[in-house]
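Nothing fancy with the numbering, it's 1 onward along the sequence. All ligand and atom numbering here is 1-based and tracks the order in the structure. Any value given below was found using the heavy atoms of this structure, including those in side chains, with hydrogens, waters and symmetry copies removed.
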Amino acid sequence: MSNKEFSISLVVPVYNEQESIESFIEAIDQELEPLKERLEIVFINDGSKDATREAVEQAIEKDPRITLVNLARNFGKEAALTAGLHHAKGDAVVPMDVDLQDPPSLILEFVRLWQTGDYDTVYGIREDRSADTPMKRVTAGGFYRLFNVLSNQTQLPENAGDFRLMDRRVVEAIKQLPERNRFMKGLFAWTGYRSVGVPYERPARHAGETKFNYWKLWNFALDGLLSFTSWPLRVWSYVGIGVSFVAFLYILKIITKVIFFGIHVPGYASLMSVVLFLGGIQLISLGIIGEYIGRMFIEIKQRPIFLVEGVYGQYAKEDKPDEQEIQDQPTSQEKQGS
Ligand code: UDP
Ligand code: MG
């Protein structure tokens with residue numbers, strides 16, 4: 001590690017994690033001893049319904065490096081992370097989970113690679129997902145592959161999560177992105193810059209339960225895909241061309257048959273098959289358009305991504321970031337300068 005002074009912010013979204021806060025801070029103290037003086041920990045309380053907030057406030061009493069950003073309600077992990085990025089002050093920022101599934105000791109390696117000056121992002125690669133169920137491993141693997149095939153602009157490194165170290169310039173780039181649909185992994189990757197992966201074994205959750213069931217994960221995957229590719233929208237032209245071509249051949253066949261052999265009345269089965277098949281295709285394509293329009297509707301309303309109830313800790317007493325800047329994302333008129 002070079003002698004150059006630098007500071008690191010850990011950005012930790014927490015939702016109903018009362019039993020994890022203390023062990024998390026203990027683990028940080030132990031495993032990140034060499035970074036002791038350089039650390040800041042920003043907890044974002046994402047509208048927890050248990051005593052998470054009190055747990056963080058108790059921790060603040062003992063440790064002035066801790067900040068609590070208390071959101072007005074549960075906005076979801078991606079929004080909470082965004083709030084954290086807006087409040088983190090470090091030269092490098094590390095988003096991580098509070099359940100110790102992101103091993104703190106790996107941050108030393110992140111910092112070492114970052115300090116070489118060759119990389120702006122150092123991300124963790126989940127080498128061993130044996131802590132996950134086979135179903136989760138298969139679906140996650142499939143998702144990364146599908147994402148990378150459909151989105152040619154942004155390539156997600158396989159098995160990389162949110163756990164990574166980002167240089168200040170990457171964080172500033174992400175803070176500029178105004179979208180409401182925040183698939184953070186995708187946004188991180190979208191920034192480009194120089195990045196490198198570090199493999200690690202992802203342990204099971206330390207305490208508490210996962211906040212993501214399959215329905216949530218499915219919607220999360222859809223959000224991620226649809227906000228990085230318009231391919232599902234455009235594919236219907238090609239499906240249409242294909243179906244029309246087959247239909248044309250079939251029409252030629254029917255006409256020829258009628259001319260040479262006269263009209264056959266029976267045809268209920270073939271008629272029904274075609275009607276149902278085309279009906280299905282049309283509903284699917286309409287559904288996909290609906291998915292995009294629904295997301296456009298959310299974006300167009302330009303509601304803030306999160307609302308902050310208050311910021312607590314030593315940091316809050318020092319220089320606050322401009323709340324205005326965080327809450328009021330630029331509107332389209334402002335962007336046009338009118
Ligand atoms: N989290 C959050 N808001 C939510 C759901 C989760 O801030 O609405 C936090 C949670 O407290 C944890 C992190 O996001 O620190 C990851 O959640 P979890 O461990 O449940 O996800 P998994 O590891 O199972 O994917
Ligand atoms: Mg977890």
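Enclosure of atom NZ in Lys301 by more than 12 non-hydrogen atoms of other residues, nucleotides or ligands within 6.0 angstrom is indicated. More than 12 heavy atoms of other residues, nucleotides or ligands lie within 6.0 Å of OH in Tyr214, so this atom counts as buried by the packing criterion.
Judged by distance alone, with hydrogens and angles left aside, the side-chain atoms of Asp46 form a donor-acceptor pair with the main-chain N or O of Gly76 at under 3.5 Å.
Using a 4.0 Å cut-off between charged side-chain N and carboxylate O, Arg180 and Asp223 make no salt bridge. Under a 4.0 Å N-O distance rule, the pair Asp97/Arg202 qualifies as a salt bridge. We find that Arg126 and Glu158 are not joined by a salt bridge, their nearest charged nitrogen and carboxylate oxygen being 4.0 Å or further apart. Classification of Asp120 and Arg194 as a salt-bridged pair holds, one side-chain N sitting under 4.0 Å from a carboxylate O. A salt bridge links Arg112 with Glu109: the distance from a Lys NZ or Arg NE/NH1/NH2 to an Asp or Glu carboxylate oxygen falls below 4.0 Å.
The number of protein N, O or S atoms lying under 2.8 Å from the Mg ion (ligand 2) is 2.
The aromatic rings of Phe163 and Tyr200 sit perpendicular to each other, their planes meeting at more than 60°, with 30° as the lower class boundary.
Near ligand 1, residues Pro13, Val14, Tyr15, Glu17, Asp46, Asn74, Gly76, Lys77, Asp97, Val98, Asp99, Gln101, Lys136, Arg202, Arg205, Thr210, Lys211, Phe212 come within 4.0 angstrom through at least one heavy atom.
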